[in-house]
Amino acid sequence: MFTITLPDGSAREVPQGATPADVALAIGPGLAKAALAARIDGVLVDLATPFAQDCALALVTARDEADALDLARHDYAHVLAEAVQALFPGTQITFGPSTDDGFYYDFAAQRPFTDEDLPAIEGEMRRIIAANKVLRREVVARETLIAQWQAAGESFKAEWAAELPGDEPLTVYHSGDDWFDMCRGPHLPSTGKLDPAAFKLTRVSGAYWRGDQANAMLSRIYGTGWLNKKQLDAHMTRLEEAAKRDHRKLGAEMDLFHLQAEAHGSVFWHPKGYMIWRALEAYMRRRLDAAGYAEVKTPQIMDARQWEQSGHWGKYRENMFVVPDEIPHVSEEGGEDDAPVLSGKADLMAIKPMNCPAHVLIFRQGITSYRELPIRMAEFGCCHRNEPHGALHGLMRVRQFTQDDAHIFVREDQIVGEVADFCDLLDRVYKDLGFPEYAIKLALRPDKRFGSDAMWDWSEQSLRDAVAATGRNTPEWGWEELPGEGAFYAPKLEFHLTDAVGRTWQVGTMQTDTVLPERLDASYIGEDGEKHRPVMLHRAILGSFERFIAILIEHYAGKLPVWLAPVQAVVATIVSDADAYAREVTARLRAAGIRVESDLRNEKINYKVREHSLAKVPHLLVVGKREADEGTVAIRTLGEERQRVMPLAEAIALLRAEATPPDLR
RNA sequence: GCCGCUUUAGCUCAGUCGGUAGAGCACAUCAUUCGUAAUGAUGGGGUCAGAGGUUCGAAUCCUCUAAGCGGCACCA
């Protein structure tokens with residue numbers, strides 16, 4: 001007999017061999033039906049797991065949403081695999097976990113799956129769910145299982161089984177009597193616990209076996225899975241809403257920028273988009289000026305040898321744009337399609353992929369005293385990186401981008417103070433831009449790196465200490481350490497914003513680098529009259545203007561705060577009798593520093609309201625004969641239907657207040 | 001770079017069996033002077049992504065190239 005303690009504190013005696021399912025049934029048939037899994041002493045297990053000792057038991061039902069969702073998604077993945085093998089004999093199964101919104105499964109298929117295959121697979125999955133097949137756990141000896149997989153032609157499973165670590169016995173889950181997969185579990189008691197209307201296969205894609213480019217390309221099927229149809233529908237609605245705020249779509253609709261094949265990965269900023277950029281850059285420049293940074297501008301192209309010395313050539317040259325330092329010879333015939341003729345012998349120059357070496361070169365000019373440190377050198381640096389083509393994505397991942405970059409040259413004893421000041425500055429900026437919520441993480445040394453272990457120990461600890469000194473190394477700040485995620489020359493603090501729809505974006509960074517000052521021989525004269533190496537702090541708050549503006553557009557769904565909006569107000573007439581007054585209003589607003597346009601077109605006011613609303617203009621000032629006579633304007637604010645009629649002077653004051661950047665209020 | 005899909009007017013898209021290209025919006029012109037999310041009429045506009053092939057004939061079938069989209073890998 002075992003004593004089972006339930007969450008309400010009550011205890012039950014159960015015989016040897018009893019399971020959580022038995023306890024559920026003893027409590028009531030309703031609970032037995034609702035139970036999906038169990039937690040024994042906090043560990044999630046199958047309902048059919050026999051008790052091994054006295055323990056605390058909590059039955060998991062759909063009310064325990066996090067557990068229930070994860071179980072369901074995991075089961076959907078198995079049902080997907082079973083369905084695919086039923087429809088496509090000869091397809092090997094590999095691996096299929098739950099995800100944040102569903103599940104996927106990777107297959108080694110005869111041919112890659114396409115979207116057209118999905119409806120049939122969904123249908124087969126529903127048949128498996130309707131059949132309510134019992135999911136039964138079995139412990140199998142490793143060698144037996146490997147032999148079984150090999151016999152079944154499942155080479156990926158066999159490889160995986162052979163490499164699973166430790167001596168733990170391997171478990172398989174049977175679906176009915178005719179299918180099984182290797183899995184740690186736990187699982188629902190049967191496929192019938194899944195809601196056949198609560199999942200949807202969403203897309204297919206390629207994926208490398210074990211996530212390694214050197215391995216085989218598998219065919220992955222993604223699905224989204226929920227506990228019921230209502231949740232699924234809500235999820236699909238969320239996806240539609242997210243698609244509406246996609247910066248690529250809004251960028252076109254609002255006429256902010258465009259991309260085209262001839263310069264793929266580089267942005268054509270249109271006047272309105274560039275106005276956002278200018279407002280953001282001007283704001284950042286004021287913040288940096290106030291924080292004691294000195295702005296510089298450095299060369300776009302430098303001799304490749306400079307990049308060899310910095311170490312970037314060895315590690316990243318395949319992603320650098322390289323140009324020969326020679327004047328190309330053009331053939332005499334001079335046809336229009338003649339390519340320039342290059343000798344192939346010229347020295348190479350590279351377009352800068354980053355600003356750091358150039359900043360060190362400025363630092364190295366002349367002799368620096370310890371008294372001058374810290375030196376905070378900022379640059380809105382335009383960089384080029386030849387990214388893998390499949391990586392490009394709107395403004396989020398581009399080949400030409402401008403960083404809000406800065407390097408702070410410090411003595412070791414100044415690091416904590418500088419990092420703390422940086423955290424405060426970044427906090428201020430994120431709040432000003434509408435992101436009060438963000439997380440801080442520490443990315444630790446990667447496998448491939450420069451510098452000694454002692455150096456890494458020291459620089460990782462310096463960041464840890466610095467954040468601890470600000471009191472931000474706590475769970476509330478999302479603090480965690482990420483092994484292997486650091487840059488090759490330095491560990492980095494990562495700052496992750498949370499946007500309006502809950503997505504996170506890594507934007508800010510702070511790195512303590514001792515490698516580059518060494519490689520490029522940067523030094524200062526210390527109190528002792530000797531040369532010392534400064535530490536170089538690489539830091540950015542926005543990351544890149546391109547990507548940050550994309551995040552702003554999506555965060556605000558295009559409805560930017562007035563101070564960032566490219567057009568802050570439009571003065572629209574109802575009929576032509578107010579044209580003169582509208583011109584006057586526009587001129588007065590413009591004189592007050594408002595980015596204003598007028599719309600005197602011979603169009604109905606309904607049409608104008610619609611058009612400027614879709615263009616996300618924050619304020620529409622409608623003027624007719626009445627307003628002209630009274631010297632007022634009727635303000636309609638984006639997202640509202642009511643209008644406020646007020647004297648022009650009052651309207652100007654209101655708009656000026658809203659149009660003032662947060663640091664100037 | 002890898003897997004899959006896509007590419008037709010400025011934009012969003014239709015185009016059946018291979019028979020010579022169509023809509024809405026936008027734009028232009030004209031009419032309309034209207035009070036808060038689309039006024040009406042008329043008109044101009046396309047080497048069907050590019051190159052090659054099959055065919056009497058290609059937007060349509062095949063091959064290659066490029067870009068875009070969804071993932072994977074990468075992201076100093």
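Below, read A as the first sequence line, B as the second, and so on, with proteins coming before strands; counting in each chain starts at 1.
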Can you tell me which residue among Ile551(A), Leu256(A), Leu552(A), Leu395(A) is in a side chain to side chain contact (heavy atoms under 4.5 Å, CB included) with His247(A)? Leu395(A)
Which of the following nucleotides, G35(B), A76(B), A37(B), is nearest to the side chain of Val609(A)? A37(B)
With RNA chain B as reference, determine whether Asp115(A) or Ile605(A) sits nearer its 5' end, using the nearest nucleotide of each. Asp115(A)
Using a heavy-atom cut-off of 4.0 Å across all strands, would you classify Asn319(A) as base, sugar-phosphate, or nothing? base
Strand contacts (RNA chain B) in residues 481-489 of chain A, 4.0 angstrom heavy-atom criterion: Ala487(A), Tyr489(A)
Separation of Gln506(A) atom CD from C75(B) atom C1', in whole Å? 10 Å
Tell me whether the OP1 or OP2 atom of G40(B) has a side-chain N or O from Lys604(A) closer than 4.0 Å. no
Phosphate-side-chain proximity, His389(A) and G1(B), N/O vs OP1/OP2 below 4.0 Å: yes
Within less than 4.0 Å of OP1 or OP2 of G68(B), is there a side-chain N or O belonging to Arg248(A)? no
Whether the side chain of Arg642(A) engages the backbone of Arg636(A) through a donor-acceptor N/O pair (distance < 3.5 Å, no angle test) should be reported. no
Select one nucleotide: of A37(B), U33(B), C72(B), the one nearest the side-chain heavy atoms of Ser613(A). A37(B)
Exam field: side chain Asp303(A) to backbone Met349(A), donor-acceptor pair closer than 3.5 Å: no
Per atom distances to the Gln511(A) side chain, the nearest of A76(B), U36(B), G71(B) is A76(B)
Looking for any heavy atom pair under 4.0 Å, which part of the strands does His393(A) touch: base, sugar-phosphate only, or nothing? sugar-phosphate
Any donor and acceptor pair, going by atom type alone, linking the side chain of Gln403(A) with main-chain N or O of Cys382(A) inside 3.5 Å? no
Can you spot which of Lys249(A), Arg248(A), Lys244(A) makes a salt bridge (Lys or Arg N to Asp or Glu O under 4.0 Å) with Asp246(A)? Arg248(A)
Hey, which of these two, Ser219(A) or Glu640(A), hits RNA chain B nearer its 5' end, going by closest nucleotide? Ser219(A)
May I ask you to verify whether the side chain of Glu387(A) and the base of G1(B) hold a donor-acceptor pair under 3.5 Å? no
Side-chain donor/acceptor of Tyr208(A) to base of G1(B), under 3.5 Å: yes
Mark yes or no for a side-chain to base donor-acceptor pair under 3.5 Å between Arg636(A) and A37(B), with no hydrogen or angle criteria applied. yes
OP1 or OP2 of A37(B) under 4.0 Å from side-chain N/O of Asn606(A): yes
Within the structure shown, what part of the strands sits under 4.0 Å from Arg385(A) by heavy-atom distance: base, sugar-phosphate, or nothing? base
Test: Arg220(A) and Asp106(A) ion pair at under 4.0 Å: yes
Taken to the nearest whole Å, CZ/Arg397(A) to P/G70(B) is 14 Å
When the P atoms of A73(B) and A59(B) are considered, how many whole Å apart are they? 41 Å
Classify Gly311(A) by what it touches in the nucleic acid, base, sugar-phosphate, or nothing, heavy-atom distance under 4.0 Å. nothing
Please work out if Ala572(A) contacts a base, only the sugar-phosphate, or nothing of the nucleic acid, heavy-atom cut-off 4.0 Å. nothing
Step through the shown structure and confirm whether more than 12 heavy atoms of other residues, nucleotides or ligands are within 6.0 Å of CG on Asp212(A). yes
I want to verify a distance call: between C74(B), U39(B), A37(B), whose nearest atom is closest to the Pro388(A) side chain? C74(B)
Per the glycosidic torsion and the 90° limit around 0, nucleotide C17(B) is syn
Using OP1 and OP2 only, check whether a side-chain N or O of Arg203(A) sits under 4.0 Å from C69(B). no
Polar contact flag, side-chain donor to acceptor under 3.5 angstrom, Gln400(A)-His384(A): yes
N/O (side chain, Tyr222(A)) to phosphate O (OP1/OP2, G4(B)) under 4.0 Å: no
